[in-house]
There are 2 protein chains.
Amino acid sequence: MIVVSVREMTNVYKGIARALGALPEEAEIFAQCHVRADLRGMYTQGAAIIPYAVGLLERKLNFFGVPFKILREEPAMVLVDAGYGVGVVVGTRAMELAMDKAKQAGTGCVWVRHGGDFNMSANHVLQAVEHDMVGIVMRNENPRVAPWGGRDPFFYTNPIAVGVPTKKEPPIIIDMAAGSFSIGQVVMAARDKRPLPSKNLVTPEGVYTDDATKIVIDPYVRESPFNGSPVTLGYKGLIWALIVELFSGLLAGTNTSNKNDYKPTPDRPWDEGCFFMAIDVSKLRPIAEFKAATDDFARALRAVRPAEGFDGIIVPGEVEAHNEAKRKKEGIPVRDEDWQLVLNTATRLGVKLVS
Amino acid sequence: MIVVSVREMTNVYKGIARALGALPEEAEIFAQCHVRADLRGMYTQGAAIIPYAVGLLERKLNFFGVPFKILREEPAMVLVDAGYGVGVVVGTRAMELAMDKAKQAGTGCVWVRHGGDFNMSANHVLQAVEHDMVGIVMRNENPRVAPWGGRDPFFYTNPIAVGVPTKKEPPIIIDMAAGSFSIGQVVMAARDKRPLPSKNLVTPEGVYTDDATKIVIDPYVRESPFNGSPVTLGYKGLIWALIVELFSGLLAGTNTSNKNDYKPTPDRPWDEGCFFMAIDVSKLRPIAEFKAATDDFARALRAVRPAEGFDGIIVPGEVEAHNEAKRKKEGIPVRDEDWQLVLNTATRLGVKLVS
């Protein structure tokens with residue numbers, strides 16, 4: 001583990017983005033979103049994913065500098081074509097649009113075609129929370145997760161994030177894969193040769209296992225291909241994955257994940273979709289009252305007595321808020337090999353590194 | 001098992017509702033919603049729940065004939081006080097309101113205070129589907145489900161339903177508890193002395209078990225109190241239960257389920273909330289194109305090869321649609337003891353039974 005300061009990490013990421021054609025505002029968003037992932041301890045969406053994000057740009061599957069094209073607009077919804085813009089930039093702009101609509105109509109829903117991988121979903125619900133709104137984000141992509149009871153990859157991990165403003169408590173930030181595990185978790189488990197907490201991986205022979213090394217082809221590649229896949233968390237997990245496909249793929253009018261089962265090329269990139277929703281809480285009840293109620297709720301949940309073998313209930317977002325505060329002061333711990341890859345990438349792109 | 005015709009069951013339910021003060025339109029909704037539950041095979045929301053629904057009315061915790069009071073209104077959202085109206089009636093009217101908004105704004109969200117138990121959530125998303133819209137429904141109530149890792153009831157089972165229109169395939173209808181099990185499932189397992197499929201019940205001592213008889217106090221009461229509770233389906237289940245509390249309780253400005261931990265009386269009924277959302281799909285893409293895409297999606301999901309020990313993937317809603325078609329012709333099988341209780345209730349209320 002190496003410890004990198006927020007300032008250094010931000011500068012490296014900004015340099016990488018600029019070298020790849022980002023406008024200054026885009027480079028800022030790119031840097032902030034990826035730094036924030038490592039700040040919050042979502043390490044598979046931070047430094048670890050930079051080489052992959054750079055690869056998408058270099059392979060002309062993602063672009064900086066693409067404006068939104070509005071395809072449909074109603075008082076409470078917008079459908080945009082993001083033209084394969086960089087995911088974090090698209091996500092930031094889409095949530096801004098959703099918030100604008102929510103201010104007018106109470107709620108705002110933005111569906112995005114050709115949106116790109118926005119990495120840590122929490123980034124965009126935090127945007128809403130920082131404006132006293134509830135934010136929701138979903139995304140699909142290519143087939144990586146098998147439905148419960150099945151053996152073929154069909155769903156993407158189908159992330160969903162929800163952010164809820166609070167008063168004194170850390171904001172409630174849900175950021176999870178609708179599949180049993182995120183791709184990053186499975187790759188890291190294979191790298192560390194750790195068994196996963198449940199037998200929710202399936203081999204191509206249809207056997208359920210907790211051994212990530214049986215399915216991950218190259219554990220040193222964050223987005224390694226799998227020989228097999230994770231499965232959804234039971235039948236209910238399948239349903240949550242399905243809800244994300246509904247919002248991201250079917251309603252956006254792009255593909256469901258299962259239809260993106262090929263190696264993307266500039267001529268035929270993946271047709272994934274994203275969904276962003278903002279709810280202007282103040283239109284329903286006074287915001288101070290709402291925030292006091294969420295504080296109460298978080299405290300009551302934390303106070304539930306643990307069952308045998310458990311330490312207690314963790315409210316989603318509290319660990320991440322603690323990490324963020326601590327790391328802003330003390331710097332960000334990163335796996336040596338991940339940071340080395342980031343620095344190699346930066347050097348290769350001609351970014352001037354000042355330490 | 002006794003087999004009851006749709007006509008007979010409808011008439012008995014209408015008679016019961018009229019005897020309890022329902023307007024003709026309300027009696028119609030009451031009968032249709034409860035009959036449809038047994039038609040679709042959601043038997044714990046059909047005949048089995050009638051004595052409980054009647055009890056709520058007789059104990060003055062629910063009322064027929066209460067109009068909606070609009071508290072807030074924006075282009076895409078409405079907040080109403082339903083005045084402890086009967087759940088199925090409130091749900092039907094709330095989804096109508098959500099659809100009206102969706103026609104204007106693209107999406108419509110309706111939050112309901114003092115809404116009542118609407119029993120089978122699928123009823124109200126089917127309303128949306130029958131108008132070519134996507135429908136979503138959520139509801140909280142009183143504490144019955146412990147968070148994963150905890151031993152105290154905190155969440156209600158927190159049902160969520162989502163309906164998606166299709167072309168030739170049965171509509172995709174999700175109707176599930178965010179907890180591991182619904183109350184009805186647990187009570188029925190205790191009645192039949194069957195172990196549940198996983199150890200997701202917790203005793204007051206904090207021990208996880210699959211033995212429903214250890215926690216259900218009276219298995220012959222559909223809404224039996226528990227000594228202990230079901231837990232959420234892992235940490236992810238906890239998060240889904242939390243999302244339902246956000247929409248039903250925190251945003252509606254009523255209580256979260258944990259705050260309704262008392263025996264309700266007419267002076268102090270439970271302050272539960274409900275959420276209804278409709279999405280006018282045609283505002284995003286041509287409805288025929290959308291329906292063809294959902295058909296494709298359902299067929300592709302069904303075609304996934306099963307893993308070892310599984311028979312195949314079931315698309316949510318297909319079994320229920322099959323039941324509904326079959327039972328409309330052949331009549332509805334009901335457990336003898338449940339139907340006898342319904343008939344006893346009807347007789348007690350002076351309903352004239354014509355067989």
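A, B, ... follow the sequence lines: proteins, then strands. Residue 1 opens every chain. Just so it is clear, the structure is predicted and the values come from calculations on it, not from any experiment.
Ranked by heavy-atom pairs shorter than 4.5 Å toward chain A, the options V134(B), T203(B), L246(B), V231(B) are led by L246(B). Highest contact tally toward chain A, considering only E308(B), K101(B), R285(B), R305(B), is held by R305(B) [criterion: heavy-atom pairs under 4.5 Å]. The choice from D296(A), T294(A), L250(A) that makes the most heavy-atom pairs within less than 4.5 Å of chain B is L250(A). In terms of heavy-atom pairs under 4.5 angstrom with chain A, the leader among L284(B), L238(B), L233(B), V281(B) is L284(B). Considering only heavy-atom pairs separated by less than 4.5 Å from chain A, the leading option among E73(B), Q104(B), M77(B) is M77(B). Of the listed residues (G149(B), A76(B), G206(B), P75(B)), the one with the most heavy-atom contacts under 4.5 Å to chain A is G149(B). Ranked by non-hydrogen atom pairs under 4.5 Å with chain A, the options L79(B), I239(B), V162(B) are led by I239(B). Between chain B and the options C109(A), G237(A), A293(A), A300(A), the largest number of non-hydrogen pairs under 4.5 Å is found for A300(A).
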**Request:** Mind running side chain to side chain contact (heavy atoms under 4.5 Å, CB included) on W148(B) and I313(A) for me, showing each step along the way?
**Result:** CA-CA 8 Å; W148(B) 182 250; I313(A) 314 293; over 6 Å; no
**Request:** Please assess T107(A) against M277(B) for the test side chain to side chain contact (heavy atoms under 4.5 Å, CB included), listing each intermediate value before the final yes or no.
**Result:** CA-CA 11 Å; T107(A) 64; M277(B) 182 173 188; 6.0 Å; no
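With a 6.0 Å radius and a threshold of 12 heavy atoms from other residues, nucleotides or ligands, I70(B) has its CD1 atom above the threshold.
Only the side chain of I174(B) comes within contact range of chain A, with heavy atoms under 4.5 Å apart. Contacts of T256(B) with chain A are made by side-chain atoms alone, with heavy-atom separations under 4.5 Å and no backbone atom involved. Both the backbone and the side chain of P286(B) come within contact range of chain A, each with at least one heavy atom under 4.5 Å from a heavy atom of that chain. Neither the backbone nor the side chain of S198(B) comes within contact range of chain A; no heavy atom of the residue lies under 4.5 Å from a heavy atom of that chain. When heavy atoms are compared at a cutoff of 4.5 Å, D280(B) approaches chain A solely by way of its backbone atoms N, CA, C and O. In this structure, chain A has no heavy atom under 4.5 Å from any part of A146(B). Proximity to chain A is limited to the side chain of F154(B), based on heavy atoms less than 4.5 angstrom apart. Neither the backbone nor the side chain of R302(A) comes within contact range of chain B; no heavy atoms are under 4.5 Å apart.
Atom-to-atom distance recorded for I243(B):CD1 and M176(A):CE is 6.5 Å, nearest 0.5 angstrom. Remark: N258(A) CG to L301(B) CG distance equals 8.0 Å, nearest 0.5 Å. Between the CG atom of L251(A) and the NZ atom of K283(B) there is a distance of 13.5 Å, given to the nearest 0.5 Å.
The side-chain heavy atoms of V164(A) and L242(B), taken from C-beta on, include no pair separated by under 4.5 Å. At a threshold of 4.5 Å between non-hydrogen side-chain atoms, the residues I279(A) and W111(B) count as touching.
Under the 3.5 Å distance criterion, the side-chain polar atoms of D152(B) are left unmatched by any main-chain donor or acceptor of V304(A). Formation of a donor-acceptor pair under 3.5 Å by the K236(B) side chain with backbone atoms of A178(A) is not found in this model.
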